[in-house]
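Below is one structure; the comments refer to it alone.
Values reported hereafter were calculated over all heavy atoms of this structure, with side chains retained and with hydrogens, waters and symmetry mates removed. Since the model is a prediction, treat every value here as computed from it, not as a measurement. All chains are named by letter (A, B, ...) in the order of the sequence lines, taking the proteins before the strands, and each is independently numbered beginning at 1.
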Number of protein chains: 2
Amino acid sequence: MSLNLNLRKQQVLEAVVEDHIITAEPVSSRTIARKYQLGVSPATIRNEMADLEEMGLIEQPHTSSGRIPSQQGYRYYVDRLMRKSGLTTDEEGQIHTVFAREARELALVVQRTIKLVTQLTDYLVFFSGPQLEHAALQQVWLIPVAPERALMVIVSETGWVENKFVDFDFPVTAEDMEQVAGVLNDHFRGLTFSQITRTVLRSVYQELTEQRLLLDYVLETMESLARRECADGLYLGGTRNVLKQPEYQDVQQVRKLLDLVEGEQTLREILHETTGEGITVRIGRENRQGQVQDCGVITAVYLLGGNIVGAMGLLGPVRMNYARASSIVDYIAQSLSDYLSGSHSYF
Amino acid sequence: MSLNLNLRKQQVLEAVVEDHIITAEPVSSRTIARKYQLGVSPATIRNEMADLEEMGLIEQPHTSSGRIPSQQGYRYYVDRLMRKSGLTTDEEGQIHTVFAREARELALVVQRTIKLVTQLTDYLVFFSGPQLEHAALQQVWLIPVAPERALMVIVSETGWVENKFVDFDFPVTAEDMEQVAGVLNDHFRGLTFSQITRTVLRSVYQELTEQRLLLDYVLETMESLARRECADGLYLGGTRNVLKQPEYQDVQQVRKLLDLVEGEQTLREILHETTGEGITVRIGRENRQGQVQDCGVITAVYLLGGNIVGAMGLLGPVRMNYARASSIVDYIAQSLSDYLSGSHSYF
DNA sequence: TTTAGCACTCTAAACCGTAGAGTGCTAAAC
DNA sequence: GTTTAGCACTCTACGGTTTAGAGTGCTAAA
């Protein structure tokens, strides 16, 4: 349902939302008349408020209190009234600094980004990935460490390094390993992991008839490596900050938040569901996860070579500063994508 | 000052401590008379309590309330009265399972251990390390990835893998790298990293006069790798659990706890200070760190080849179950040391 | 030395009463 | 028709008072 509000109703709704975001208190007609010059008296505003309440956009915690925005009110605000606040040049500069610094390891960049965002906002920041799945392979090594055991090291073109032991059920010679690694590098270099698992497998098998069993083990390990970061790479920060929000004065609420942070599963799910381009804003019950139905969540994916390799999110109370928060998420996700897409490639 | 208490005073003190640990409420004379059969009336117990209070072992939150143990009271209890509760065979079994499972990566074992301990207690669990510094080197590889860049991979005899890029200021050939790696392996295999940095350096330099500059870079990287886990390897869990303790009903307290968890520095310090054998119990102001002076902290180091490579801790309110908590710390640290000292070596 | 009895103290919860903020409604003004 | 002043009404938050109950310390008797 797309409601059409006359200008003054929009102004009143905007005032209610923005004042409530700042003060966390119900907003009275008098406050609006004083702080937001609409050129009318409190009484008139009261009449508009009564209408807005009937439409379900604002509500009263109890009779004779001021109004707070309903979840639909926030939605209307985000969709139609909100002016993206933009970042100051200083803040943009800080963000650039994080991505400009020489950093060989992506994990480090992500951690630095989180630290920065916790300074820019008072919300929970969380990142998934980046998964290797859509990154291009730079090189594979198979290093023999025992007769039936090798260490596999993979480097992606973006500089991400992963390693894992491969255990065979039979002795394997160093020459065998070297040969397999050589063939893998010849065939796979420059391909993304998702491309590898599908297409070029056949040719490799033909070239390595003798080591077919060995190859099976190796490919399986490669696959699990490519997925690993997807499975357990969740970075987060800012838990302390969120507690500053008056919504979390109640210990019960704090406990719920900590469940979220320590459990990780829900946060992963939220990031995993994020697929579209641009930022996604979910307000309260718009979230599918029961645990965050009294929260606002802003997410965005970041890209590598046009593919989604990870996502980030900001989480706060429903009464969060959507204008600012979404500007930040937007800018960071964009910067991270730029960073990844190789203008900084170190090879 | 070592106080000598007669048997009945000891019994009363023990009752006060143990009842308070369970209920978190002041303990009245009547409660003790009823629940802990000392064969005397509440009035007699009141007299003993008056004495204990004068000695500073228990205190009254306000006149006409029951008594709670003072920090000295806890200390007396821990030193002289506490009976280590021992774990049930079931619990011991659970612990063994964690260490018995095939696990190639130590980080995984530590994470599993944390998860288990959070199930066994309601306290904050934290681990440092393990640092490679005191682990024996199994092998080093130098893998060329670019003219001026190599990937260094180190495997310790305990199966810990670390990697890091080495950047040179000059082109290096694959042969040079191979040669350097070969010499390093010949000289260093089986030595711990702390031994390496001191003694055997000279002989390596003599053998590699041509690559001396290259070697400098490599050794520096090795050293930073050996220390890395020391610097940022802090694992923890159980934050949610601690909130169950009634001490953390106050949001102020919760915030302090989260500062501790998110800051990490204080926890590192606590583990770093732990050096002795066996377990260490610090009660309230016995802690040097201001942030935890209203907490009880139990720590123990774990060993590898007789060397301290890391430590673990349990943190709760001053009113924590020292008997149970120290049993657990003791048992886990012991099991982890056993696990590390190679009865499970995979090479 | 122990204990019963009793007066005393303190806390926590329940229960006012009041001030203040804010609304809805009505009737007058524009 | 729209806006606004005025007023009665409602609800919350806060401070003060009362009360029940738990627990002690002290005294005197066992």
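Spacing between atom CD1 of A:Ile58 and atom P of C:dT23 amounts to 9 Å, rounded to whole angstrom units. Rounded to whole Å, the distance from CE on B:Met49 to P on D:dG25 is 9 Å. Between the CG atom of A:Leu52 and the P atom of C:dT23 there is a distance of 13 Å, rounded to whole Å. One can place CD1 of A:Ile68 at 14 Å from P of C:dG22, the figure rounded to the nearest angstrom. Taking atom CZ of residue B:Arg34 and atom C1' of nucleotide D:dG23, one finds them 12 Å apart after rounding to whole Å. Straight-line distance from the CZ atom of B:Arg46 to the P atom of C:dC6: 14 Å, rounded to whole Å. Going from atom CG of A:Asn47 over to atom C1' of D:dG1 covers 13 Å, rounded to whole Å. As a whole-Å value, the separation of B:Glu48 CD from C:dT3 C1' is 14 Å.
Panel note: side chain B:Tyr123, backbone B:Asn321; a donor-acceptor pair is recorded below 3.5 Å. At least one donor-acceptor pair under 3.5 Å links the side chain of A:Glu286 to the backbone N or O of A:Ile283. When atom types are taken as modelled, the side chain of B:Arg67 and the backbone of B:Gln60 share no donor-acceptor pair closer than 3.5 angstrom. In this structure a side-chain-to-backbone donor-acceptor pair under 3.5 Å is missing from A:Arg8 to A:Glu48. In this structure, the side chain of B:Gln245 does not engage the main chain of B:Gly316 through any donor-acceptor pair within 3.5 Å. Between the A:Glu91 side chain and the A:Thr88 main chain, a donor and an acceptor come within less than 3.5 Å of each other.
Between B:Tyr74 and B:Met320 there is no side-chain heavy-atom pair separated by less than 4.5 Å. Side-chain contact between B:Glu53 and B:Met49 is absent, with no heavy atoms from C-beta onward closer than 4.5 Å.
Here C:dG24 is the nucleotide among D:dT24, C:dG24, D:dT4 with the atom lying nearest to any side-chain atom of A:Glu53. Distance from the side chain of B:Ser28 is smallest for D:dG23 among the nucleotides D:dT4, D:dG23, C:dT3. The A:Thr63 side chain lies nearest to D:dT10 when the options are D:dT10, C:dT11, D:dT24. Of all nucleotides listed (D:dT4, C:dT23, D:dG25), C:dT23 comes nearest to the side chain of A:Gln60.
Two residues, B:Gly39 and B:Pro61, neighbour DNA chain C, and the one matched to the more 5' nucleotide by heavy-atom proximity is B:Gly39. Judged by closest nucleotide on DNA chain C, B:Ser41 is the one of B:Ser41 and B:His62 placed further toward the 5' end.
Taking 4.0 angstrom as the limit, B:Ser64 places none of its side-chain polar atoms (N or O) nearer than this to OP1 or OP2 of D:dA22. Phosphate proximity of C:dT2 to B:Arg8: present, with a side-chain N or O under 4.0 Å from OP1 or OP2. OP1 or OP2 of D:dT4 sits under 4.0 Å from a side-chain N or O of A:Thr44.
Side-chain atoms of A:Arg30 stay outside donor-acceptor range of the base of C:dG22, with no qualifying N/O pair under 3.5 Å.
For the helix from C:dT1-D:dA30 to C:dC30-D:dG1, the angle separating the two terminal helix axes comes to 20°, with each axis derived from five pairs and the value rounded to 10°.
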